[in-house]
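Written out below as structure tokens is the structure these notes cover.
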Number of protein chains: 2
Amino acid sequence: MKNHRNEHTRERILDEAEALFALKGYHAVSVREITGAAQCNLAAVNYHFGNKQKLYLEVYRQRWLPRAERVHQSFQDSLKSEQAPSAGTVVQSLARAFLEGPLSDEERNRHLRLVVGELSQPTEAFDQVIERVFRPLLGSLISDLRAAMPADMDQEQAVLNAFSIMAMVLYFNLARPVIKAVLGATDGSDLQTRLIDHLVEFSLNGIAGGKWETGK
Amino acid sequence: MKNHRNEHTRERILDEAEALFALKGYHAVSVREITGAAQCNLAAVNYHFGNKQKLYLEVYRQRWLPRAERVHQSFQDSLKSEQAPSAGTVVQSLARAFLEGPLSDEERNRHLRLVVGELSQPTEAFDQVIERVFRPLLGSLISDLRAAMPADMDQEQAVLNAFSIMAMVLYFNLARPVIKAVLGATDGSDLQTRLIDHLVEFSLNGIAGGKWETGK
DNA sequence: AACTATTTCAAACGTTTGTATCAAACGATC
DNA sequence: GATCGTTTGATACAAACGTTTGAAATAGTT
């Protein structure tokens with residue numbers, strides 16, 4: 001067996017690297033900044049991971065992917081308790097898995113910032129994110145939605161509905177400061193809860209779809 | 001008056017800087033890369049803008065802000081033609097202003113990537129984006145929506161609805177590659193049109209709101 | 001045509017970057 | 001407790017970075 005302080009060092013580097021990458025983006029973070037935060041030597045990164053880019057990839061593999069799977073699992077677990085979940089239950093389960101599920105506020109923030117970074121400036125991790133997480137999650141979501149509303153929803157419509165829900169989940173997290181700034185003093189107690197409620201209601205009405213002559 | 005080639009240089013730098021910042025992000029772009037693309041001398045950036053960060057700010061001031069105002073204008077123009085626009089018209093006007101309005105595909109891509117970058121990694125430009133563009137646009141959108149649906153929509157609900165629509169506009173642009181990858185070979189002819197249609201229908205149903213026991 | 005202000009250019013500056021080196025310290029196994 | 005592979009630490013390095021400089025070139029004015 002290896003010793004313990006070494007693995008601690010490796011894990012500390014992964015933790016601090018993830019936090020810094022999520023906060024400032026890959027290029028804005030230097031290796032010295034990471035090793036400084038992790039309180040280890042500069043060379044430790046190159047010893048444990050080879051170079052900066054491989055460290056970044058390892059952050060995705062060893063921190064981001066497992067967390068994404070936890071979220072996915074949480075989503076599926078809350079659905080398995082019901083036999084034939086309604087579309088409302090599906091959407092609500094998804095929103096809750098992301099926004100109040102197994103992740104702490106800090107974890108969720110890191111998690112979503114990392115994936116947004118990868119979406120807007122794709123690196124080698126992009127394919128992993130898509131194939132290992134995005135596609136399976138969208139697959140689950142789509143099949144659940146179609147099972148709940150088998151009537152008149154074809155594949156493309158289901159995909160677009162799923163993307164719309166994901167859009168709000170990501171954006172409501174990313175733009176939290178903006179939302180707070182715009183809502184201003186109205187910011188009561190649990191903004192988070194109201195955001196989830198709105199997201200669920202909005203997207204459920206969205207997918208419930210039909211004609212749209214509701215306007216006055 | 002100044003001469004002409006100089007202003008050309010200044011403008012070329014702004015153009016190339018914007019394209020590169022949007023494509024790769026602030027820190028991933030070097031001054032040499034910009035001056036190389038603009039085919040001018042390295043020192044030109046510091047002569048015309050002082051330093052790299054001020055160039056970035058100037059890109060927002062002289063390129064991004066005017067374009068954002070063009071989009072806002074386009075949104076308002078298409079509404080003024082009608083006397084009492086329905087919520088459907090409001091949403092459709094907004095979606096079209098962003099997705100097929102005055103901007104070319106390339107311009108829109110740059111525009112939205114820049115704002116997403118600013119949302120996820122705020123810099124000094126952030127406040128400008130919020131106060132000069134986001135807040136006015138949200139203001140227009142909210143008052144239009146409330147005028148169209150005066151019944152039971154309070155301020156916060158209108159704000160959240162507006163954010164939800166913006167979420168989809170931004171995300172559908174950012175995640176275009178992912179959408180294409182997931183939709184796969186089904187990708188027919190005009191994905192763009194279908195995306196707008198879906199966005200309008202989804203968000204209109206979303207704000208039309210009410211109860212949500214539609215699920216099976 | 002001469003002069004002045006503005007803009008471009010090549011070259012260099014001092015830092016910071018990612019990465020490599022190699023001896024010292026450490027843990028595990030015999 | 002000697003030995004071996006593994007991990008750490010201080011230091012070094014070349015490359016790239018943003019920025020500065022001062023002279024050459026250009027445009028505008030008289």
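Throughout, protein chains are lettered first and strands after them, A, B, ... in sequence-line order, and every chain is numbered starting at 1. Only a predicted model underlies this, so the values are computations on that prediction, with no experimental measurement involved. Side chains are part of it too, since the values below use all heavy atoms of this structure and drop only hydrogens, waters and symmetry mates.
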Let's see if you can work this out: which of dT19(C), dT19(D), dA10(C) has an atom nearest to the side-chain heavy atoms of A43(B)?
dA10(C)
Any side-chain donor paired with an acceptor under 3.5 Å for H72(B) and S140(B)?
yes
Between P on dG18(D) and CD1 on I13(B), what's the gap in Å once rounded to a whole number?
14 Å
Please determine, by modelled atom types, if R176(B) and Q192(B) share a side-chain donor-acceptor pair under 3.5 angstrom.
yes
I want to confirm an ordering. Mapping Y47(A) and L42(A) to their closest nucleotides on DNA chain D, which one lands closer to the 5' end?
Y47(A)
Salt bridge (Lys or Arg N to Asp or Glu O under 4.0 Å) with E107(A): of R70(A), R113(A), R63(A), only one passes, and it is R70(A)
Expressed as a whole number of angstroms, how long is the span from H8(A):NE2 to dC26(C):P?
17 Å
Would you say a side-chain N or O of S30(A) is under 4.0 Å from OP1 or OP2 of dT16(C)?
no
Expressed in angstrom and rounded to an integer, what is the separation of H27(A) atom NE2 from dA16(D) atom P?
15 Å
Just N and O in the side chain of T9(B): are any of them under 4.0 Å from OP1 or OP2 of dT8(C)?
yes
Counting only side-chain nitrogens and oxygens, does H48(B) get under 4.0 Å of the OP1 or OP2 atom of dT8(C)?
yes
Yes or no on side chain to side chain contact (heavy atoms under 4.5 Å, CB included) for L112(B) and L174(B), after CA distance, side-chain angles and deciding distance?
CA-CA 8 Å; L112(B) 296 183; L174(B) 194 69; over 6 Å; no
Is any side-chain nitrogen or oxygen of N51(B) closer than 4.0 Å to OP1 or OP2 of dG18(D)?
no
Do the numbers put K52(B) on top of the ring of Y26(B), so that NZ or CZ is under 6.0 Å from the six-membered ring centre and no more than 45° off the axis?
yes
Separation of atom CD in Q53(A) from atom C1' in dT17(C), rounded to whole Å:
15 Å
Give the rounded distance in Å between these two atoms: CG of L20(B) and P of dC17(D).
13 Å
Between CG of N46(A) and P of dA20(C) the distance, given in whole Å, is 6 Å
Does dA10(C) have OP1 or OP2 under 4.0 Å away from a side-chain N or O of N41(B)?
yes
Nearest whole Å is fine: how far is dT16(C) C1' from I34(A) CD1?
15 Å
Using whole Å, what does the distance between atom P of nucleotide dT17(C) and atom NZ of K52(B) come to?
12 Å
